[in-house]
Amino acid sequence: MNIIFFGSSQFAVPCLKVLLAAKHKISCVVTQADKEKGRGLSLGVTAVKAAAELCNLRIYQPRQVNDGDTVSFLKGLNPDLFIVVSYGQILSQRVLDIPGIFSINAHASLLPKYRGAAPINRAIINGDKITGVTIIKMTERMDAGAIMMQKTTKIKENDTFIILEEKLSKDAAALLIEAVNSIENNKYKLTPQDESKVTLAPKLKKEDGLIDWNKPAGEIYNLIRGCVKWPGAFTYYKDKLLKVYKARILEMPDAGYRIPAGELFRVDKDSIVVATGNGNLAIEELQVEGKRRMKVRDFIAGHKICAGEKFYKK
RNA sequence: CGCGGGGUGGAGCAGUCUGGUAGCUCGACAGGCUCAUAACCUGUAGGUCACGCGUUCAAAUCGCGUCCCCGCAA
């Protein structure tokens, strides 16, 4: 079977590798164009491109995947199946119709829940206990195709985006192999999604990472876990952006009086405890703009920070 | 050449504007106090101040160049 693989982010890499390991023929890897910008001048290469180069696969990077040139290029390869995993562009029906069989997609949620670009982040931020991966037959509507297979995974209390992404990407890879095999044997089943249960997981914006200290400690904790990597849960301290990478909810006896949310309740040698709308949060790892990520202990060693000061929203 | 912050003993920072024996907090090590301790007290070690060139009697500090790290923006 002649496969063309579409993917860009890290999440797609295990899928690509597993397909190769299973000796499937991948005639081309389509990935997002290199971003010629960055800080300074560096150009970014997608994780999938890097992996594909190591495996000496043919790489194609259309600026617009739906344009005529791309369509004729892809047709020329005579593919049987398109496999799309966090590619980053929406494929038009014209493109989806190119392969002889059809196109499938691996999505990091239990569809119809969390259609969209940021299902992993949203699941953690919302405090969900379970999530999973779904393989669907693609249609032009984003993440709306019929379900081919699905696997559920628990989200642990201390899972961060990075951990969960890695876990789900492995599940996706395993499921993908099963899906491809079932297609080869023509034994797959398709179940339409229940449209009444659709929820969306739109791409995160920078501002989604802004911490609102009036919220309960648990919600802020989830935000921190879900925003690790990008955009990072952040607040402000002394006019500087401060990202919180790691924290833990602190069970403490009621002080007897109300501490304003965002105020530093206690600062000692190796912890900073912040009051929230409900409960306290002990910061464990943070990063100030211009500086690298560090443990609170190190931050405290070099900063005159004391109880009573505040973290605020700009 | 998108904007900006930074590179100072093991870690995090001050000092740079207003050149002149390198400082703070933490850690390490040694000793002390203590029933005991991550607490407290005393002492010790550890730095060519990212790199190169220049200005100067004298450069962490001023000028020029290079490398590296990071925030924003994409």
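Each chain gets a letter, A, B and so on, in the order its sequence line appears, and its residues count up from 1.
- Across all strands shown, C33(B) remains unpaired; no Watson-Crick or G-U wobble contact has both distances below 3.5 Å.
- When each of Lys206(A) and Arg297(A) is assigned the nucleotide of RNA chain B bearing its nearest heavy atom, the one mapping closer to the 5' terminus is Arg297(A).
- Using C1' as the reference atom, G47(B) and U56(B) are 24 Å apart when rounded to the nearest Å.
- As rounded to the nearest Å, C13(B) and U8(B) have P atoms that lie 9 Å from one another.
- Searching all strands for a Watson-Crick or G-U wobble partner of G52(B) with both distances below 3.5 Å returns C64(B).
- If you take atom C1' in A28(B) and the same atom in G12(B), they sit 16 Å apart, rounded to whole Å.
- Within 4.0 Å of Lys295(A), counting heavy atoms only, lies no atom of the nucleic acid at all.
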Is there any protein nitrogen or oxygen under 3.5 Å from a nitrogen or oxygen in nucleotides 4-13 of chain B, and what are the pairs?
unit_1, atom_1, unit_2, atom_2, d
G5(B), N2, Gly290(A), O, 2.7
G5(B), N3, Gly290(A), O, 3.4
G6(B), O2', Lys291(A), NZ, 3.4
A11(B), O2', Asp298(A), OD1, 2.9
A11(B), O2', Asp298(A), OD2, 3.2
G12(B), O4', Asp298(A), O, 3.4
G12(B), O2', Asp298(A), O, 2.8
G12(B), N2, Ala301(A), O, 2.9
C13(B), O2', Gly302(A), O, 2.8

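- Partner assigned to C13(B) is G23(B), using Watson-Crick or G-U wobble distances below 3.5 angstrom.
- Remark: C3(B) base-pairs with G71(B). Criterion, Watson-Crick or G-U wobble with two distances under 3.5 Å.
- The environment of NZ in Lys238(A) is crowded: more than 12 heavy-atom neighbours from other residues, nucleotides or ligands sit within 6.0 Å.
- Of all nucleotides present, only U44(B) satisfies the Watson-Crick or G-U wobble test against A28(B), with each distance under 3.5 Å.
- Between the side chain of Gln287(A) and the main chain of Lys243(A), no donor-acceptor pair closer than 3.5 Å is present.
- Lys269(A) has a side-chain polar atom (N or O) that falls below the 4.0 Å cut-off from OP1 or OP2 of A39(B).
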